[in-house]
Engineer: 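Submitted below is the structure of interest, expressed as structure tokens.
To find a chain, count down the sequence lines: A is the first, B the second, and so on, and within it residues start at 1. All heavy atoms count here, side chains included; hydrogens, waters and symmetry mates do not.
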Amino acid sequence: MNRPSVAQLPLADVVASRRKCLRALAAWGGLVLAAGCSVAPPSPPSSAPPPPPARPSSGDALLDELRRLAVDAPLDELLAWRLMFLMELGSTYRNDPLLWRGVERMCQATLDGTPMPPARQSVGDGPDRRLFARLLAQVIERGEPGLSAPLQPRVVELRRIP
Amino acid sequence: MSAQGPGLRTAPVVVSGGFITVEVGTSAQTIEVNTGAPGETTSYPVGPDRTVRIPVPNVPGGTVLLISAGRGKRASYVLVEVIAP
């Protein structure tokens, strides 16, 4: 069957056909645009570390906080509280294995030359890496042997810090 | 020059076997002196004039004393170096 060519159709039919086509295209484009706008942009990958696993409370708020500093807290925060941490470790919580992980982190940071933030609740200790390194060496030297033994080889290095 | 925390003031260097005077600017009733060893934290009462005169233990030169007034995050801390006599 021969279909009439466009040239053979009446002008009104051609215009009507073109209008229908343009409307259909516009409707389709609108749908695509609307769909694109309704989709939320992909969220950027989160740079925050996952929250640490919950640790059962010891029943001692200060010990829980010291454990958090030792294991979960950013290094800067642990270093900022270094004097409080070592005082409590030395006087009360010497046998807590988790706290010795904090000693290990502070030891590594001191030997690596990590910039020391000013110690919280203390003025004048900020830049004095030598004094802090010596205090750390004392804590390790005189610590419970079972807990401090892995850090004993670092005592000499700590004492060499000028 | 003195070593000082927010509530503590003392000399930054002390002689082994001598004495050290610590001025306490907080309401703490005692101060604690620690040499980093178990059982070597000693407590001293703060006098009415808010000072404490502490005998420096006979420790080797180069030992660092950690002195605190109070406990935990509300305490004040200061480091003092001991030198040989």
Engineer: With side chains defined as the heavy atoms from C-beta onward, is the minimum distance between L66(B) and Q138(A) less than 4.5 Å?
Structural biologist: no

Engineer: Membership question, hydrophobic clusters at under 4.5 Å side-chain separation (ILVMFWY): are L79(A) and V71(A) in the same one?
Structural biologist: no

Engineer: Could you tell me the separation between the CZ atom of F85(A) and the OH atom of Y77(B), rounded to the nearest 0.5 Å?
Structural biologist: 11.5 Å

Engineer: To the nearest 0.5 Å, what is the distance between CD on E32(B) and CD on E88(A)?
Structural biologist: 9.0 Å

Engineer: According to a hydrophobic-cluster definition based on side-chain heavy atoms being under 4.5 Å apart (Ile, Leu, Val, Met, Phe, Trp, Tyr only), do V15(B) and V13(B) belong together?
Structural biologist: yes

Engineer: Between I67(B) and chain A, with a heavy-atom cut-off of 4.5 Å, which part of the residue counts as in contact: side chain, backbone, both or neither?
Structural biologist: backbone

Engineer: Does some side-chain heavy atom of T92(A) sit less than 4.5 Å from a side-chain heavy atom of R71(B)?
Structural biologist: yes

Engineer: Does any N or O in the side chain of E81(B) come within less than 3.5 Å of the main-chain N or O of L131(A), such that one atom is a donor and the other an acceptor?
Structural biologist: no

Engineer: Side chains of residues 154-162 of chain A: which donor-acceptor partners sit under 3.5 Å, not counting sequence neighbours?
Structural biologist:
| unit_1 | atom_1 | unit_2 | atom_2 | d |
| --- | --- | --- | --- | --- |
| R154(A) | NH1 | Q108(A) | OE1 | 2.8 |
| R154(A) | NH2 | Q108(A) | OE1 | 3.1 |
| R159(A) | NH2 | E141(A) | OE1 | 2.7 |

Engineer: I'd like to know whether T35(B) forms a side-chain contact (heavy atoms from CB on, under 4.5 Å) with R142(A), so could you lay out the CA-CA distance, the side-chain angles of the two residues, the decisive distance to 0.1 Å, and finally the verdict.
Structural biologist: CA-CA 9 Å; T35(B) 60; R142(A) 303 175 193 183; 3.4 Å; yes

Engineer: What's the shortest heavy-atom distance between M87(A) and S68(B), and which atoms?
Structural biologist: CE-OG, 3.2 Å

Engineer: How long is the gap from CG on L79(B) to CG on L83(A), to the nearest 0.5 Å?
Structural biologist: 5.0 Å

Engineer: Between L78(A) and L98(A), is there a shared hydrophobic cluster once you connect ILVMFWY residues whose side-chain heavy atoms come closer than 4.5 Å?
Structural biologist: no

Engineer: If every non-hydrogen atom of N34(B) is compared with every non-hydrogen atom of S91(A), which pair is closest and at what distance?
Structural biologist: ND2-N, 4.2 Å

